[in-house]
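Here's the structure, in structure tokens; my notes come after.
We count residues from 1, following the sequence as given.
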Amino acid sequence: LLKRREAREPIHYILGDREFWSLSLHVGPGVLIPRPDTETLVNAALQWIPADLDPVYVADVGCGSGAVGLAIAMERPGVRLYATDIAPVPLETTRENVALLGLGQRVAVLEGPLLDPIPRNRPVEWVVSNPPYIPSLEIEGLMPAVSRWEPRTALDGGPDGLDVYRALLPYAARRATKGVLVEIGMGQGPEVIDLMRRAGLERIET
């Protein structure tokens with residue numbers, strides 16, 4: 001264990017779990033480690049999703065360990081969750097966490113980009129996402145536990161960090177009937193607001 005940590009492997013990979021929103025979630029190599037900052041995204045979603053509404057259809061795009069969507073589902077019994085990702089390891093990790101939390105009857109874990117794996121005839125009211133938003137050239141300058149170990153696909157947002165937003169926001173705006181919530185990087189607010197407006201979204205807040 002010490003040798004692994006000496007190599008700057010993240011402590012949560014070594015221990016095999018991470019607390020997020022008071023939930024103990026399985027994490028491991030190949031999955032982005034949930035951060036406390038991302039609880040802000042969960043809190044924002046809970047402010048919009050009524051506690052007494054059933055059903056409510058939520059899509060967690062780029063689910064990783066499932067942290068965001070599963071936290072929302074635990075707080076809102078009416079939520080029916082689609083958790084999507086493009087990589088096998090995050091999908092398997094999300095499935096493990098769905099089982100750990102006993103949410104198998106309310107969560108579908110689906111492989112594919114963005115909202116593509118959700119059947120067209122299935123309703124989507126809310127889209128939530130913590131997409132990769134770090135500019136490509138900044139990744140090597142991050143802490144070694146991040147730059148060496150965490151999956152590049154969950155970090156790298158392209159030259160300016162906004163590649164996934166350009167693809168996701170117009171798609172989500174067409175599909176979601178209630179709203180779209182995304183985490184953003186420091187200083188990206190004005191650009192993401194502009195992308196949201198161009199996608200046709202209204203009542204935008206940061």
Side-chain angles (χ1 to χ4, degrees), residues 9-21 23-35 37-39 41-42 45 55-76 79-134 139 145-158 163-169 171-172 175-176 180-183:
E9 183 175 350
I11 189 70
H12 301 293
Y13 286 172
I14 296 171
L15 297 176
D17 62 15
R18 168 68 160 167
E19 182 181 328
F20 180 85
W21 200 261
L23 305 174
S24 181
L25 299 175
H26 173 70
V27 296
V31 175
L32 186 74
I33 298 169
R35 269 70 168 177
D37 289 351
T38 302
E39 294 182 351
L41 179 59
V42 174
V56 181
Y57 295 95
V58 178
D60 179 4
V61 175
C63 58
S65 64
V68 172
L70 296 180
I72 293 169
M74 288 295 288
E75 293 287 340
R76 295 290 184 265
V79 162
R80 307 297 187 267
L81 179 70
Y82 313 103
T84 76
D85 209 292
I86 59 173
V89 174
L91 291 165
E92 182 56 34
T93 302
T94 295
R95 290 187 185 101
E96 292 175 4
N97 287 323
V98 168
L100 283 172
L101 298 172
L103 291 172
Q105 298 301 310
R106 296 198 283 125
V107 181
V109 182
L110 306 170
E111 181 174 4
L114 305 178
L115 297 158
D116 281 358
I118 304 172
R120 290 288 181 178
N121 63 342
R122 300 299 297 164
V124 176
E125 294 174 275
W126 296 94
V127 172
V128 297
S129 183
N130 177 19
Y133 54 71
I134 300 172
I139 293 176
V146 178
S147 62
R148 294 182 198 168
W149 287 95
E150 295 198 63
R152 185 64 63 108
T153 54
L155 300 171
D156 191 341
D163 279 1
V164 177
Y165 298 92
R166 292 188 181 94
L168 172 62
L169 290 174
Y171 197 173
R175 193 76 193 269
V180 181
L181 299 98
V182 294
E183 181 169 323

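For L114 against T84, the heavy-atom pair with the smallest separation is O-OG1, 2.9 Å. In this structure, V31 and Y13 approach most closely via the heavy-atom pair O-OH, 2.6 Å. Shortest non-hydrogen contact noted between I72 and A45 is CD1-CB, 3.6 Å. When every heavy atom of P34 is checked against every heavy atom of F20, the shortest pair comes out as CB-CD1, 3.6 Å. Of all heavy-atom pairs spanning P90 and A87, the tightest one is CD-O, 3.3 Å. The minimum heavy-atom distance linking C63 with T94 is given by the pair SG-OG1, 3.4 Å.
Within 6.0 Å of the CD1 atom in I11, the count of heavy atoms belonging to other residues, nucleotides or ligands exceeds 12.
By the salt bridge (Lys or Arg N to Asp or Glu O under 4.0 Å) test, R35 is found to be paired with E150, residues two or more places apart in sequence or in another chain being considered. Every residue two or more places apart in sequence or in another chain that forms a side-chain contact (heavy atoms from CB on, under 4.5 Å) with E75 is listed here: W21, L46. By the side-chain hydrogen bond (donor to acceptor under 3.5 Å, both in side chains) test, Y133 is found to be paired with E183, residues two or more places apart in sequence or in another chain being considered. Taking R18 as the reference, H12 meet the side-chain hydrogen bond (donor to acceptor under 3.5 Å, both in side chains) condition, with sequence neighbours excluded. Under the rule for a salt bridge (Lys or Arg N to Asp or Glu O under 4.0 Å), the partners of E9 that lie at least two apart in sequence or sit in another chain are R4. Every residue was checked against the side-chain contact (heavy atoms from CB on, under 4.5 Å) condition with P88, not counting sequence neighbours, and none meets it. In this structure R175 satisfies the salt bridge (Lys or Arg N to Asp or Glu O under 4.0 Å) test with no other residue, sequence neighbours excluded. Remark: E125 engages no residue in a salt bridge (Lys or Arg N to Asp or Glu O under 4.0 Å) (not counting sequence neighbours). Remark: P132 pairs with V164 by the side-chain contact (heavy atoms from CB on, under 4.5 Å) rule, at least two apart or across chains. When the side-chain contact (heavy atoms from CB on, under 4.5 Å) test is applied to R166, the partners found at least two apart in sequence or on another chain are D160, L162, D163, L195.
Using a 4.5 Å heavy-atom cutoff, the side chains of L101 and L25 are in contact.
Note that the CG atom of D85 and the CD atom of E92 stand 12.5 Å from one another [nearest 0.5 Å]. To the nearest 0.5 Å, the span separating CG on L81 from CG on L110 amounts to 9.0 Å. Considering CG of L181 and CG of N130, their distance stands at 12.0 Å, rounded to 0.5 Å.
Under the side-chain hydrogen bond (donor to acceptor under 3.5 Å, both in side chains) criterion, the residue pairs touching residues 95-116 are H26-E96, D116-Y171, with sequence neighbours excluded.
Judged by distance alone, with hydrogens and angles left aside, the side-chain atoms of S129 form a donor-acceptor pair with the main-chain N or O of V61 at under 3.5 Å.
Each of L169, I118, L115 was compared with V127 under the side-chain contact (heavy atoms from CB on, under 4.5 Å) criterion, and only L115 meets it.
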